[in-house]
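What follows is one structure encoded as structure tokens, with my remarks underneath.
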2 protein chains.
Amino acid sequence: MNCIKHAYDNDSLNARGRGYSKSESFDENWYKMSDADTGSDDSKDSNTVGVPQFLVVNNVHMLNGDHHHVNMYEETVDDEAKPYIEIVEQPQSRGFRFRYECEGPSHGGLQGEKSEKYRKTFPAIKIRNYNGPSRVVVNLVTDEAVPRPHAHKLVGKNCSDGVCTVDVKTGQNTVTFANLCVQHVTRKKSAEVIEQRIIESMKMDKMVKLGNLNEQAYLSEDELAQAKQQAEKQAKDMQLNVVKLCFQAYLKDGSGLISKVLPSVLSSPIYDSKAPGANVLKICRMDKYGGSCKGDEEVFLLCEKVQKDDISVRFVEQDEDGNVVWEAFGNFGPFDVHRQYAIVFKTPAYKDPNN
Amino acid sequence: MNCIKHAYDNDSLNARGRGYSKSESFDENWYKMSDADTGSDDSKDSNTVGVPQFLVVNNVHMLNGDHHHVNMYEETVDDEAKPYIEIVEQPQSRGFRFRYECEGPSHGGLQGEKSEKYRKTFPAIKIRNYNGPSRVVVNLVTDEAVPRPHAHKLVGKNCSDGVCTVDVKTGQNTVTFANLCVQHVTRKKSAEVIEQRIIESMKMDKMVKLGNLNEQAYLSEDELAQAKQQAEKQAKDMQLNVVKLCFQAYLKDGSGLISKVLPSVLSSPIYDSKAPGANVLKICRMDKYGGSCKGDEEVFLLCEKVQKDDISVRFVEQDEDGNVVWEAFGNFGPFDVHRQYAIVFKTPAYKDPNN
DNA sequence: TTATGGGGAATCCCCACAG
DNA sequence: ACATGGGGAATCCCCGTTA
């Protein structure tokens with residue numbers, strides 16, 4: 001006798017070829033700025049994954065208003081427990097939508113990965129082994145082996161110029177980022193944004209070389225042209241559908257001046273939920289939820305937007321411990337994916353078609 | 001016993017609330033230009049539907065290069081068979097896609113309503129009761145009781161500046177418009193386009209008033225501002241998803257100069273196939289094609305893009321002569337329309353549930 | 001290679017509902 | 001009236017096919 005042997009559930013719908021990256025953090029050594037690197041190299045050599053030069057330079061720039069000189073070259077050989085940034089809550093990886101500037105503000109902020117409908121959480125970091133005042137800066141970087149500044153902007157609470165800056169008081173050891181939003185810069189405008197960032201970093205680089213961060217540096221026509229060209233190149237193939245948060249912390253000394261820079265820490269990637277393929281996969285409705293163990297039955301499945309060439313329907317059986325004891329895939333081709341919102345497939349046979 | 005009683009076919013899927021307009025043509029009297037009307041009035045009084053003033057003025061302007069004076073005021077009381085434009089083939093109403101400028105040229109032209117896959121036809125007109133040379137002009141107008149010039153442009157063969165102009169030789173009594181395309185002007189740019197048209201028509205109006213079509217007229221700041229304001233108003237609620245072709249003909253005398261203007265004739269409306277709701281309704285796939293006469297069976301239907309609030313599924317039975325002997329509607333609500341591409345409905349009972 | 005057609009991505013707009 | 005979330009319209013880009 002045929003019987004309903006396999007149940008279908010939402011988790012059974014899976015996309016092929018998706019890698020869910022885990023969170024990353026950099027080594028805990030003090031960051032040491034290299035004065036030979038303009039941040040414009042294309043080398044993919046990243047045995048020692050480092051913070052991109054651009055980024056730190058930019059941050060120094062932003063802190064410029066403090067009018068004091070940070071000794072970027074300080075070496076610490078201190079082996080004691082060193083301060084470092086820890087991400088205590090990652091941002092949600094999926095389900096958040098990047099909004100365009102034209103969509104206006106206030107469409108809800110980025111939540112934490114543990115967020116629930118009626119118990120919302122938010123991305124948060126903690127500065128370990130340190131209890132004094134600091135300034136925390138968050139900006140967006142690309143999801144690459146060697147991350148670069150991203151064209152998108154952080155907007156929302158405490159944000160300006162695409163960057164989020166929070167001054168942390170003594171004793172406040174956790175920083176929670178409620179209402180952080182990712183503003184989706186259009187592909188067209190992304191070149192401009194990146195160009196600006198490059199120009200600033202090149203200026204800053206000059207200033208660092210001159211050893212004076214308080215005097216404006218100027219770029220030659222040539223350098224400007226180069227910045228533009230480079231920006232256009234970067235903008236052209238920058239992935240606009242994924243960003244990472246880059247957290248940086250500047251520790252303040254007794255007088256409130258910046259004394260140390262902690263190594264940057266990157267969050268796990270955040271995928272734009274509006275982007276094709278980045279959607280949370282979801283089965284909305286099916287015309288049958290059970291059938292013959294022999295398989296080969298046609299099922300109409302209505303789903304959220306999928307990619308006809310990168311989607312499959314997976315049947316799984318798990319034991320009490322959640323181990324997969326059986327799996328098989330629904331049978332269909334790209335042609336059976338209707339307008340990205342429905343799939344017509346044939347059921348696979350159950351492992352024991354007579355059971 | 002239950003049996004398959006009603007068949008489903010593509011024609012059974014119908015939208016509510018769609019009016020398919022029939023073709024229209026204006027009265028056959030000679031067109032008489034009113035010199036008091038700038039074409040800018042908003043009156044919806046159209047007992048005698050007339051050609052909008054803008055249009056004709058524009059055409060005169062376009063013909064200006066001929067450097068001769070057309071007597072626009074000629075009255076004919078002639079009762080003999082008068083020349084007139086007849087549309088011998090209407091354009092296809094549905095299934096044609098308006099293309100944006102950015103989409104580049106050559107995506108296929110507007111076809112005739114009788115066009116078939118391997119026997120294509122095109123919109124065509126005939127000038128009746130006349131065999132001499134003429135110039136035929138086609139442009140786009142709105143689908144309103146009082147048509148206005150449309151923001152969209154005609155492009156393709158013989159087109160320039162959004163207008164199609166064909167010189168017709170003696171003896172060629174049919175003009176066929178192969179490769180006419182409608183260029184979709186963006187809502188933003190539509191105001192500019194319309195403003196330009198209004199400015200031209202106002203200039204022309206002045207020139208007409210001055211009785212000299214060969215000398216350029218100038219507008220005051222005030223008039224320009226008024227044109228702009230009016231254009232913005234018109235652009236804001238102009239329907240960009242539908243146009244009509246406006247055919248005009250200028251008969252030439254023995255020396256090749258324009259001697260008479262025939263009354264304009266409008267085609268039936270042409271709906272942009274890419275626009276929501278203007279799609280050809282189509283059932284792509286269903287999970288069952290027959291069922292119980294008692295009805296109340298759930299059917300998953302995959303379709304082309306529909307509007308969840310303006311769609312229904314109709315079951316019909318026709319006799320041999322095509323008369324409807326029974327009809328009923330599938331039962332579903334907007335919530336059952338999945339992302340515009342699928343409908344889950346319950347079948348209605350057949351007229352005789354026991355048969 | 002262009003002509004023809006079509007799918008869907010990127011951008012933008014606006015609505016419904018909850019607080 | 002705003003904060004949040006979401007659907008879909010308007011615009012744009014690009015691909016496979018066929019003539």
Side-chain angles (χ1 to χ4, degrees), chain A residues 92 95-111 115 117-118 120 122 151-152 156-157 178-179 181 183-190 235-236 238-241 272-280 282 284 304-310 334-335 337-341, chain B residues 92 95-111 115 117-118 120 122 151-152 155-157 178-181 183-190 235-236 238-241 272-280 282 284 304-310 334-335 337-341:
Chain A
Q92 58 179 150
F96 178 74
R97 179 165 153 182
F98 302 177
R99 296 288 182 163
Y100 291 83
E101 191 177 12
C102 66
E103 295 191 84
S106 83
H107 284 272
L110 189 61
Q111 295 171 24
S115 196
K117 184 78 188 265
Y118 294 110
K120 287 189 178 160
F122 303 95
H152 291 346
K157 202 172 171 192
N179 207 302
C181 304
Q183 186 171 97
H184 193 309
V185 170
T186 63
R187 175 78 57 186
K188 259 183 192 163
K189 287 184 187 162
S190 65
K236 199 149 61 72
M238 178 172 288
Q239 280 202 78
L240 297 183
N241 297 333
D272 179 9
S273 74
K274 185 74 167 181
N279 252 357
V280 176
K282 189 177 164 198
C284 300
E304 289 307 332
K305 185 138 108 174
V306 298
Q307 310 302 112
K308 67 166 170 279
D309 293 311
D310 182 28
F335 182 77
V337 178
H338 178 68
R339 298 304 195 134
Q340 309 189 84
Y341 285 113
Chain B
Q92 57 179 150
F96 178 74
R97 179 162 153 186
F98 302 178
R99 296 286 182 166
Y100 291 84
E101 191 176 12
C102 66
E103 296 191 84
S106 79
H107 283 272
L110 188 61
Q111 296 171 25
S115 196
K117 184 78 186 267
Y118 294 109
K120 288 189 177 161
F122 302 95
H152 290 346
V155 296
K157 203 172 169 190
N179 206 302
L180 264 193
C181 304
Q183 185 171 98
H184 193 305
V185 170
T186 64
R187 175 79 59 188
K188 259 183 191 164
K189 287 185 186 161
S190 65
K236 199 149 63 72
M238 178 171 289
Q239 279 201 80
L240 298 183
N241 297 331
D272 179 8
S273 73
K274 185 73 169 181
N279 254 357
V280 176
K282 189 178 166 199
C284 301
E304 290 307 332
K305 184 137 106 174
V306 298
Q307 311 303 112
K308 66 166 172 277
D309 293 311
D310 184 27
F335 182 78
V337 179
H338 178 68
R339 298 304 195 133
Q340 308 190 83
Y341 285 114

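All heavy atoms count here, side chains included; hydrogens, waters and symmetry mates do not. Chain A is the first sequence line, chain B the second, and so forth, proteins listed ahead of strands; every chain is numbered from 1. This structure is a prediction, so every number in the text was calculated from the model and none was measured.
OP1 or OP2 of C/dG5 has at least one side-chain nitrogen or oxygen of B/Q111 nearer than 4.0 Å. In this model, the phosphate group of C/dG8 is approached by a side-chain N or O of A/K308 to a distance below 4.0 Å at OP1 or OP2. Between A/N179 and D/dT4 there is a side-chain polar atom (N or O) within less than 4.0 angstrom of OP1 or OP2. OP1 or OP2 of C/dG8 has not a single side-chain nitrogen or oxygen of A/Q307 nearer than 4.0 Å. Note on B/K305: a side-chain N or O is less than 4.0 Å away from OP1 or OP2 of D/dA9. The side chain of A/K188 places no N or O atom within less than 4.0 Å of a non-bridging phosphate oxygen (OP1 or OP2) of C/dC12.
Considering only side-chain atoms of B/Y100, the nucleotide from D/dA10, C/dT11, D/dC14 that sits closest is D/dA10. In this structure, of C/dG7, C/dA9, D/dT4, it is C/dA9 that holds the atom nearest to the side chain of A/Q340. When distances run from any side-chain atom of B/H107 to the nucleotides C/dA9, C/dG6, D/dC12, the shortest one goes to C/dG6. Taking every side-chain heavy atom of A/R187 into account, C/dT11 is the closest of C/dC13, C/dT11, D/dA3. Counting only heavy atoms from C-beta on, B/R99 has its side chain closest to C/dG5 among D/dG5, C/dG5, D/dA3.
The base-pairing partner of D/dG16, taking Watson-Crick or G-U wobble contacts with both distances under 3.5 Å, does not exist among the strands shown. Across all strands shown, C/dA16 forms a Watson-Crick or G-U wobble pair, both distances under 3.5 Å, with D/dT4. Base pairing annotation: C/dT11 forms a Watson-Crick or G-U wobble pair with D/dA9, both donor-acceptor distances under 3.5 Å.
Toward the 5' end of DNA chain D, the nearer of the two residues B/H338 and A/K120, judged by each one's closest nucleotide, is A/K120. Mapped onto DNA chain D by nearest heavy atom, A/E304 and B/R97 fall at different nucleotides, with A/E304 at the one closer to the 5' end.
Using a 4.0 Å heavy-atom criterion, one finds that A/K274 contacts the bases of the nucleic acid, with or without backbone contacts as well.
For A/R339 and C/dG6, a side-chain-to-base donor-acceptor distance below 3.5 Å is absent, hydrogens and geometry of angles not being considered.
Side-chain N or O atoms of A/Q340 include none that pairs as donor or acceptor with a backbone N or O of A/K305 at under 3.5 Å. Looking at A/Q92, its side chain does come within 3.5 Å of a backbone N or O of A/Q111 through a donor-acceptor pair.
Taking 4.0 Å as the cut-off between side-chain N and carboxylate O, A/E103 and A/K274 do not count as a salt-bridged pair.
To the nearest 0.5 Å, atoms CD (B/Q183) and NE2 (B/H107) are separated by 11.0 Å. The NE2 atom of B/H184 lies 12.5 Å from the NZ atom of B/K189; values are rounded to the nearest 0.5 Å.
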